[in-house]
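The block underneath contains the structure these notes are about, expressed in structure tokens.
Letters A, B, ... are given to chains in the order of the sequence lines, protein chains preceding strands, and every chain is numbered from 1. These values consider heavy atoms only, across backbone and side chains, with no hydrogens, waters or symmetry-generated copies.
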Amino acid sequence: MGNPIVFGLLAVIAIGSAVGMLTSRNAVYSALFLVLNFATIGVFYIVLNAPFIAMVQITVYAGAIMVLFLFVIMLLGAEQLRGVNSEHWFHLGLSILLAGLLIVAFFIVLVMEGSTTSAAPMIDTSPTALGLRLFEGYNLPFLVTGVLLLSATIGVVIFGFSRKRGENV
Amino acid sequence: MSEVTIEWYIALSVVLFTIGSLGVLLRRNAIIIFMSVEMMLNSANLAFVSFARYLGNLDGQVLVFFVITVAAAEVAVGLALIVAIFRTKKSISIDDLNLLKG
Amino acid sequence: MTAYGLAPLLLIFPAIGFFFNALFGRRFVEADSKIGERWSGWIATLAALSAFGVALALFATLQANHFEAMVVPVADWIVIPAADFAVAWAMRVDTLSVTMMLVVTGVGSLIHIYAMGYMHGDKDFSRFFAYFNMFIFFMLILVSGSNYLVLFVGWEGVGLCSFLLISYWFTVEKDGKMVNADAGRKAFIVNRVGDFGMVLAIILIFWTFGSLGFERVFESAIEMTVHQETVHFGFFSAPIGAVITAIVALFLLGATGKSAQIPLYVWLPDAMAGPTPVSALIHAATMVTSGIYLLVRSNVLVELARVSFVEQGIGIFGVISAPDLIALVGASTALLAGLIAFTQFDIKKVLAYSTVSQLGFMIAAVGMGAYVAAMFHLITHAFFKALLFLGSGSVIHGMEHGHHHIHHAHSDDHPSDAEEFHDQEPDHFDPQDMRTMGGLRHKMKWTFWTYLIGALALAGIFPFAGFWSKDELLAHANVNHSNVFSAVYWMLTIAAFCTAFYMGRQLMMVFFGKPRHGAAEHAHESPRLMTVPLVILAVLTIIGGSMNLPNISFGGGAAADSHAVVEEGHGEEMVASSKGLTLALEHWLEESLLIFELSEEGGELAAYENYEYPHTPTTLVWVVAIISTLLALSGLLLAMFVVYRKRPLSATDPDPLQKLKPLWWFRILPLETLYMKTVVPAFKWLSDWLAFTVDWNFWHDFVHNNIIRDMFVSFSTFLADVFDKYGVDGTVNGIGSVTKGLAGVLRKTQTGYTRSYALGIFLGAVLLLAYFLWFAF
């Protein structure tokens, strides 16, 4: 499942960009860090023999979704929050403690339950194979997803409309 | 150096998930919170794909496909909501949205 | 050909009729009363007729399939897997239930047709037919249910319909009381007492046998009795015989309510407040017989109760077996109600008490083990009592129209007649009072002849249906030897005499003599819609007896014959007779009555030494037939004589009948005066005493008003003032203040900041994960 050196490099980039996103004061930088993160994960997908998902990751996530984010940030002019940054020490402490606990818990599990078997042999993951699998086993979820997208579209349009009407009245 | 195993990917996924959740918990900018949520979704996707590779079947990838679709819909609606909130509140700080205060 | 699957249609058709009339009927009738009534009435009638068609199909199916019973599942109903409790809504198609279906839908259809004429012009025409269809629906559920719970649903449903239809004209007031609404309420509340017994019996059945389905219950009842098992009820336990006796006694309580027996018969006479078709369908032909159906259906339990009394001495208080108690209750009701009927002046009240009396006959028959005779009498009674009620309705209808006529014509048309009646207040005119009738045989020819046939059948005159069914029942009581059976036999024979007497009296007062009121003078025949059902029912009354004709043997004396029957009762004679046309009903019902199979050679119950199933004689018992015929004839004649001699008319009326020539030869007998001075007053006093003191003052006023009502009132006062105020209100207010206090504390956690909530979720997720990890590793 990949070369350890490649994995280590990519993992450092992914975690680094994630931390960067978390800590940037400017929302635009955050978004750019996130693009980098998504792209790294896309590379992981290629390493993991999922070329189609990798392409979707790059085009949809790193491309379309992040452009939308950037667009909204620019539109609202919300790169930085104004006003005092009221820190709540209890909240901060508890959050970090819990996050640490989560990571520790998982690592304990990973260490204790280390896998002995190696990965399965490579299989055909071409878009054709994926499409066949999708339409053979996931017909209904596919249709439901279509309905979900439609209703999301309608919902967004209605948000736009109701705003206008509210302003006119 | 030994071969990369599934644990490595899971560990990476957990770390990314935790960073994402810290973003949700600590940041006040609604858009960044939203981006953190996207990152959490991505960490889950990464776990899915690595399991698909490990087990040698396609179902994990199909699920990722669905997650991406739903995430796209979610981003569209969520950003529309943020824009709507910004228009009324002139702010996207979630600390300003405390109407639920008891 | 099997048409068992059609059974659910039986329920669907009346349900459609009900929904149509309930939802749209009113609009139809309001839009155009004539066409609306036609639609509303015919759709209801067609619903009943279609159900009749289905019943006929089931009948044919049973004939074609060797009478094989079939359970047709309709739906899962109550399923509680944890308690291993499952009751399906299934319909049992066997000869017994199909018999009841045919009676209910057949007689019901005729009464539907009649009601279209009778209810013509009523402002709530469609409401009436909606209730009527609903009644048919519930009655069919009752008779078709394959377990006791479905039966109970029907049982309660028909009770509801009875309540709705008795108080159909609920706005009518008399002396400032809502008489009709009160009558409906009374019927409902009195029936609650009986239904209480039913519920207890059903609970007991489930506890004991672990099932409610008829087949399962009967099978395990037999098995448990044979093995003399013990039933445990937590703190104590009882032998199976005692439990079955208790179940049968509780069924008897249920039947006394629904079938109007002592001590719960009081509701039925009041139920005459409803429209006459209701009295005919519900309170004579069908609903009131459901108590008999219940007991006949449970024939195995009844006989097992007899077995445990005979074999182990387990009875009610150890002195009497449950079936014997049933027989005595039935017989005393038959006698008492027959006596009470003497003093009634209301044409429908006479028939009501007569119904109570005849139901007593059937209940007594069930108690004696004469299940077939009970069903036979049930069927013939449905025919002739429906006929009589419909006839009385026709009379009332005619009287009302006659009254209407004179009320509008004033004294212009008939000055001489009108003068005579003018001192009577027109407002006080009661179209049901027999004292205002008389001479109607010329005015209402169809009604008269059909009524005569019905009355003769009820009186038990050969060859009408009533003769055969009553005779089979009396013969059964006569040939089986036991003290209880002899007592029952004599009580029923006297009751049969009473029946003939009051029917004769009624015939005389209503149809003979001269009109005693202008309304009777101007009464006219009812419309065709009403007379056609009368004629059909009259035909059924004439030929109905052929359903179960006994073998008639002329060899040997009457007395010897009756003994021979007992000895050979279930020997060769049964086999020989089974091929003829006689006893058709018995062979038909035998297929459903498990008791016949059990008591035959090799059956479980035949093994007992002391117990013997009391078989009904298969040949005509001459001595019984002759005695009952003679008594019936003498009853009729006596009635003629008494009514003509001294009519019980209102005091203000002159006696127009004295000018006629009433059976004059009675007058020359010196016995006549003696009779009038001694027997008649004593008799009158007795029936007055029974009617007014025992029935009215004691049962109606004292027991029902003082004891039952006061108990209810004080109990509900306790519930309202103590339980509700302190218990319920205290609990509710307490919950309120605790919630308020808690909310005050908890609201502080609601900061309104999204991140707080997110932190909460995260905390929960981590804890959950920790929990799983802790237990997984």
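- When each of A/Leu94, A/Ile41, A/Val6 is scored by its heavy-atom pairs under 4.5 Å with chain B, the top score falls to A/Ile41.
- For A/Thr145, the part lying under 4.5 angstrom from a heavy atom of chain B is the side chain only.
- Heavy atoms of A/Thr153 lying under 4.5 Å from chain B are absent altogether.
- Heavy atoms of B/Leu12 lying under 4.5 Å from chain A belong exclusively to its side chain.
- Heavy atoms closer than 4.5 Å to chain A are found in both the backbone and the side chain of B/Tyr9.
- The contact between B/Leu16 and chain A is made entirely by side chain atoms (from C-beta outward), counting heavy-atom distances below 4.5 Å.
- Residue A/Ser151 does not touch chain B at all, counting heavy-atom pairs closer than 4.5 Å.
- Using a 4.5 Å cut-off between heavy atoms, A/Ile73 contacts chain B through both its backbone and its side chain.
- Of the two parts of A/Ala129, the backbone and the side chain both hold a non-hydrogen atom closer than 4.5 Å to a non-hydrogen atom of chain B.
- Both the backbone and the side chain of A/Ile96 have a heavy atom closer than 4.5 Å to some heavy atom of chain B.
- The choice from A/Gly8, A/Gly155, A/Pro141, A/Ala14 that makes the most heavy-atom pairs within less than 4.5 Å of chain B is A/Pro141.
- Of the listed residues A/Asn49, A/Leu130, A/Leu102, the one with more heavy-atom pairs under 4.5 angstrom with chain B than any other is A/Leu130.
- Ranked by heavy-atom pairs under 4.5 Å with chain B, the list A/Phe38, A/Phe71, A/Phe107 is led by A/Phe38.
- In terms of modelled atom types and a separation under 3.5 Å, the side chain of B/Arg27 and the main chain of A/Leu22 share a donor-acceptor contact.
- Comparing A/Phe142, A/Phe106, A/Phe52, A/Phe69 by heavy-atom pairs within less than 4.5 Å of chain B, the highest count is held by A/Phe69.
- In this structure, chain B has heavy atoms under 4.5 Å from both the backbone and the side chain of A/Ile15.
- The contact between A/Phe7 and chain B is made entirely by side chain atoms (from C-beta outward), counting heavy-atom distances below 4.5 Å.
- Residue B/Asp59 touches chain A through both its backbone and its side chain, counting heavy-atom pairs closer than 4.5 Å.
- For A/Tyr61, the part sitting under 4.5 Å from any heavy atom of chain B is the side chain, from C-beta outward, and nothing else.
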